[in-house]
Amino acid sequence: MNKLRTGAARFMHRRHARRAARRDISTSFVTLPLPRTIGVVARGKQLIEGNFLFSGLLVEGPEQSIWQIAQNNPLVSDEIHGCAWLDDLAAVGDDAARQKAQSWVADWIAAYGGGDGPGWTPGITGRRLIRWINHGAFLLRGQGKDFSTKFYRTLGQQTVFVSQRWVAAHPGLRRFEALSGAIYGGLSLKNMDQSIDTLVAALAIECDTRIGDDGSIESRNPEELLEVLSLLIWTRDALQSAERTVPQSVSSAITRIAPAMRALRHADGGLARFHGGGRGIDGRLDEALAYSGVRSTPSTAPLMGYARLTSGRTTVIVDAAAPPSGPSSIYAHASTLALELTSGRRPVIVSCGSGARFGQNWLRASRATPSHSTVMIEGVSSSHLADRPHETGAKEELVEIPRQVRCDHMQTESGRKLELSHNGYQPDFGLTHGRTLELSVDGRTLIGEDYLMTLGDSDKAIFGKALKSAVDRGIPYTVRFHLHPDVDVDVNTEGSAAALRLKSGEVWVFSHDGTAKLSLSASVYLENGRLKPRATQQVVLSGHALAYATRVRWSLAKAQDTPSFVRDFPKGDRMDLTD
């Protein structure tokens with residue numbers, strides 16, 4: 001049934017795309033647009049040199065067009081047709097970058113401007129429209145009338161297409177991209193604003209229905225929420241520049257999202273890396289928050305299901321809610337109660353990140369509980385992937401997620417404290433996972449406790465049955481703390497503590513109460529823009545649950561001779577294709 005729906009949608013997209021491409025549209029910019037999207041200089045230089053890096057795929061082809069890469073590699077086709085790479089070329093900004101961008105846009109118009117081929121879906125078209133308009137001056141500079149005529153006509157045709165097909169975009173980010181792109185195109189191009197009122201009304205409805213009271217979206221993906229915020233800000237500003245009314249629903253959505261974004265930001269300016277999201281492009285979050293015009297700070301209550309502790313130079317962000325379910329969960333993680341900790345500019349405890357950029361196997365592995373800094377029982381994740389046949393590119397939803405997740409935030413004499421729990425392991429083991437985290441006032445010490453316990457007679461019966469069937473002595477559990485690749489770690493000879501050394505010169509000491517065994521294990525750090533996962537390590541506490549209640553106490557504290565403030569300057573902008 002899903003394949004039939006997908007096939008029907010593709011047919012309708014193609015039909016509308018060809019119909020729009022037959023329109024003889026003569027237009028131009030109302031006013032010369034200013035770029036609003038941020039690129040990465042290093043990526044732009046790679047593209048100029050012929051190094052194409054998309055979603056973990058590296059193709060070296062100085063003589064190839066970017067569209068050959070898209071055609072030969074369907075898994076990165078949408079990413080390329082969305083034209084976010086224009087941001088990177090514009091970030092370089094020299095003649096070589098401009099000529100490369102102009103050549104590839106001209107190639108797209110020649111190959112796909114007739115409405116055929118990939119890239120004609122509402123969300124991708126909306127994203128492409130925004131990039132082409134944002135960098136319109138960059139693309140038109142030095143070009144003749146023939147190119148500009150084709151460029152404007154194609155922009156108009158794409159605006160017509162997405163104005164008609166936005167409703168077929170998947171609810172969430174893709175639909176926001178489609179609507180924002182259509183509105184952006186309609187307002188930026190002369191004589192293309194016929195559908196603006198209808199599109200703006202539709203965007204207002206999406207803001208009311210898709211963005212929660214706390215600024216949340218269903219996917220709980222922090223980086224995706226940043227994209228939605230940026231789209232709404234650009235649309236609001238475009239409406240204001242055209243002296244049109246901005247719906248209250250759009251303004252209210254921006255007001256709700258901005259505090260949530262602040263709650264999801266670590267001390268280094270990066271986003272928490274949960275549920276398919278990465279840390280975001282440097283500067284993108286700060287720019288969005290500045291342009292939002294919202295100055296309010298987040299409350300201590302969890303926002304979008306994330307709890308935050310912050311003191312001194314330290315931030316701790318915890319996944320304190322059940323993961324999404326249904327279609328919104330196709331990239332979601334079994335990361336309930338997982339934590340991340342950042343000290344100043346340096347991430348210390350991390351999540352492995354999203355493996356979506358590195359193929360299906362990495363995608364599945366990154367979604368499992370072992371890829372997060374939390375507790376796992378007997379190799380079983382706290383949420384499960386739907387049992388579906390292995391297919392390339394298959395969309396696997398999360399099922400059997402925790403139904404009861406609790407988070408209480410409180411102020412203590414020594415700092416701020418979170419008390420959390422979830423019942424994801426209750427059906428199989430009769431155990432509830434609880435976690436307490438207390439960050440000191442100066443941010444130098446995080447004290448944690450993880451416990452596994454039964455909460456009633458039925459839980460005890462399930463636990464007893466699981467205990468009898470256990471192959472080993474008791475039910476094995478692990479508490480994982482994944483480290484950022486820049487962290488060096490050493491375990492003392494007694495196995496009672498581990499020293500974590502940061503590039504800034506800070507030293508953090510991890511210690512525990514001896515209930516579990518401390519060890520080091522290999523781990524990976526997954527991030528977009530890299531050719532392959534980066535090797536790193538994880539601190540692991542392992543033991544066996546033998547009773548109705550098992551507790552593991554641990555702490556992470558700065559060494560006494562580590563100053564409260566250190567001089568930690570950023571390195572130059574560089575991307576290494578070998579790691």
Side-chain angles (χ1 to χ4, degrees), residues 29 32-55 57 59 61 64-71 76-113 117-121 123-143 147-148 150-159 162 173 177-178 180-182 184-185 188-189 226-227 230-231 234 238 280-284 287-288 528-529 573 575:
F29 287 130
L32 200 61
L34 296 175
R36 296 294 301 273
T37 45
I38 296 175
V40 178
V41 172
R43 291 185 197 166
K45 290 181 177 179
Q46 289 172 14
L47 290 170
I48 295 168
E49 294 169 0
N51 296 318
F52 300 92
L53 179 61
F54 296 101
S55 294
L57 170 75
V59 178
Q64 293 192 56
S65 167
I66 199 169
W67 308 117
Q68 293 175 266
I69 308 302
Q71 183 177 356
V76 300
S77 178
D78 281 354
E79 184 179 353
I80 294 175
H81 279 274
C83 291
W85 45 264
L86 265 176
D87 298 339
D88 302 325
L89 291 175
V92 177
D94 60 13
D95 288 343
R98 177 172 50 81
Q99 290 167 11
K100 188 71 72 174
Q102 291 169 338
S103 173
W104 287 344
V105 168
D107 290 346
W108 190 96
I109 294 172
Y112 307 110
W120 284 95
T121 59
I124 297 301
T125 304
R127 187 190 308 173
R128 183 170 59 246
L129 263 174
I130 291 172
R131 260 58 186 202
W132 284 24
I133 293 170
N134 268 346
H135 303 299
F138 181 66
L139 292 170
L140 291 170
R141 189 182 308 150
Q143 295 289 75
F147 176 86
S148 63
K150 292 178 181 179
F151 178 70
Y152 284 128
R153 182 171 62 240
T154 305
L155 281 178
Q157 291 164 345
Q158 292 179 75
T159 301
V162 76
L173 177 59
E177 286 180 325
S180 298
Y184 209 54
S188 301
L189 300 168
L226 174 57
E227 293 294 327
S230 298
L231 290 167
W234 298 336
I281 296 174
D282 288 345
R284 182 76 177 276
E287 180 199 45
N528 189 26
D573 187 10
M575 293 185 67

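Remark: of the listed residues Y152, F29, F151, F151 is the sole one forming a ring-ring contact (aromatic ring centres under 6.0 Å, His included) with W132.
Side-chain contact between F147 and L140 is present, with heavy atoms from C-beta onward closer than 4.5 Å. Considering only heavy atoms from C-beta on, S148 stays 4.5 Å or farther from Q143 through its side chain. For the pair V59 and Q64, the minimum side-chain heavy-atom distance is below 4.5 Å. Residues H135 and D87 form a side-chain contact, since some pair of their non-hydrogen atoms from C-beta on lies under 4.5 Å apart. Residues L86 and L139 form a side-chain contact, since some pair of their non-hydrogen atoms from C-beta on lies under 4.5 Å apart. Side-chain contact between S188 and P33 is absent, with no heavy-atom pair separated by less than 4.5 Å. In this structure, the side chains of Q157 and T154 come closer than 4.5 Å at one or more pairs of heavy atoms.
With R98 contributing its side chain and R141 its backbone, the two residues share a donor-acceptor pair below 3.5 Å. Under the 3.5 Å distance criterion, the side-chain polar atoms of T159 are matched with a main-chain donor or acceptor of L155. At distances below 3.5 Å, not a single donor-acceptor pair connects side-chain atoms of R128 with backbone N or O atoms of Q158. Put simply, the side chain of D88 never gets that close to the backbone of G39: no donor and acceptor are under 3.5 Å apart.
Taking CH2 from W67 and CH2 from W104, the interatomic distance works out to 9.0 Å, rounded to the nearest 0.5 Å. Taking CD1 of I80 as the start and OG of S65 as the end, the distance is 9.0 Å to the nearest 0.5 Å. Distance check, rounded to the nearest 0.5 Å: CD1 of I124 to CG of L129 gives 12.0 Å. For the atom pair CG (L53) and CG (N528), the distance works out to 7.5 Å, reported to the nearest 0.5 Å.
Proximity of the aromatic rings of F54 and W85 is defined here by a centroid distance below 6.0 angstrom, and this criterion is not met.
Pairing each heavy atom of T125 with each of G119, the nearest pair is OG1-O, 3.2 Å. Annotation for I133 and G185: closest pair CD1-CA, 3.6 Å, computed over non-hydrogen atoms. Of all the heavy atoms in F138 and L89, the pair that sits closest is CZ-O, 3.9 Å. The heavy-atom pair separating I38 from D282 by the smallest distance is CG2-O, 4.3 Å. Considering all non-hydrogen atoms of both residues, P118 and S77 come closest at CB-OG, 3.8 Å. Closest heavy-atom contact between L189 and G156: CD1-N, 4.0 Å.
Evaluation of the side chain to side chain contact (heavy atoms under 4.5 Å, CB included) rule for A96 yields I48, D94 as partners, not counting sequence neighbours.
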**Request:** For the pair I66 and F52, evaluate side chain to side chain contact (heavy atoms under 4.5 Å, CB included) and give the outcome as yes or no after the intermediate values.
**Result:** CA-CA 8 Å; I66 199 169; F52 300 92; 4.0 Å; yes
**Request:** Given salt bridge (Lys or Arg N to Asp or Glu O under 4.0 Å), test E79 with R127 step by step and report yes or no.
**Result:** CA-CA 10 Å; E79 184 179 353; R127 187 190 308 173; over 6 Å; no
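Using a 3.5 Å distance cut-off with no hydrogens or angles, the side chains of H81 and W120 do not pair a donor with an acceptor.
More than 12 non-hydrogen atoms from other residues, nucleotides or ligands lie less than 6.0 angstrom from CD of Q68.
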